[in-house]
Amino acid sequence: MPTKQKGKCPFCNQAVTPEIVEENTVRRDKLKCPECSEPLYVCRTPGCHDFAKGTAVYDHELCPDCTETAGNVAAEVGKAALKVGTTIATAVFTTLVLAKGKK
Ligand SMILES: [Zn+2]
Ligand SMILES: [Zn+2]
């Protein structure tokens with residue numbers, strides 16, 4: 001059984017090495033937590049090795065930590081955008097997301 005590298009499961013909060021349920025080249029591989037058997041996907045943030053929740057209706061793009069970060073960053077960018085305009089705000093957003101992803 002092929003496996004992915006270890007990361008945090010958003011359902012049971014364990015560091016797990018998920019099993020690959022379905023290998024996809026275009027979309028993300030569908031994974032399964034070996035602890036709680038919930039569906040997982042690799043987080044889309046560069047440098048992040050945690051997992052996003054898969055659900056029947058919607059497969060999350062980001063793990064819970066990155067979702068929170070993106071939310072905070074969006075709030076910060078919203079404030080910044082009022083002052084400096086959209087172009088710079090986009091640059092700030094990219095920088096903050098990349099900085100957080102490196103941890
Ligand atoms: Zn789990
Ligand atoms: Zn993440």
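Fair warning: this is a prediction, and the values are worked out from it, not measured in the lab. In what follows, every heavy atom counts, from backbone to side chain, and hydrogens, waters and symmetry copies are set aside.
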Are I20 and E23 packed together at the side-chain level, in the sense that at least one heavy-atom pair is separated by less than 4.5 angstrom? yes
Does some side-chain heavy atom of P39 sit less than 4.5 Å from a side-chain heavy atom of K30? yes
N-O pairing of D59 and K53 below 4.0 Å: no
For D65 and D50, work out which heavy atoms get closest and say how close. OD2-OD2, 4.2 Å
Quick one: are P46 and L98 in side-chain contact, heavy atoms under 4.5 Å? yes
Would a hydrophobic clustering, with Ile, Leu, Val, Met, Phe, Trp and Tyr connected at side-chain separations under 4.5 Å, put V42 with F11? yes
Between R28 (side chain only) and Y41 (backbone N and O only), is there a donor and an acceptor less than 3.5 Å apart? no
Say you draw a straight line from CD of E35 to CD of Q14; how long is it, rounded to the nearest 0.5 Å? 5.5 Å
L31 CG to C9 SG distance, which is reported to the nearest 0.5 Å: 10.5 Å
Using only atom types and a distance under 3.5 Å, with no angle test, would you say the side chain of D29 pairs donor to acceptor with the backbone of N24? yes
Test your reading of the model: is there a side-chain donor-acceptor pair from T55 to the backbone of Y58, 3.5 Å cut-off? yes
Give, for atom NE2 of H60 and atom CG of L62, the distance between the pair rounded to the nearest 0.5 Å. 10.0 Å
Q5 vs T17 side-chain heavy atoms within contact, under 4.5 Å: no
Check the pair C63 / T45 against side-chain contact (heavy atoms from CB on, under 4.5 Å), numbers first and verdict last. CA-CA 8 Å; C63 72; T45 303; over 6 Å; no
Audit row: V97, T69, side-chain contact (heavy atoms from CB on, under 4.5 Å) steps and yes/no: CA-CA 8 Å; V97 168; T69 304; 5.7 Å; no
Non-hydrogen side-chain atoms of F51 and P10 separated by less than 4.5 Å: yes
Do K32 and P18 touch side chain to side chain, with heavy atoms closer than 4.5 Å? no
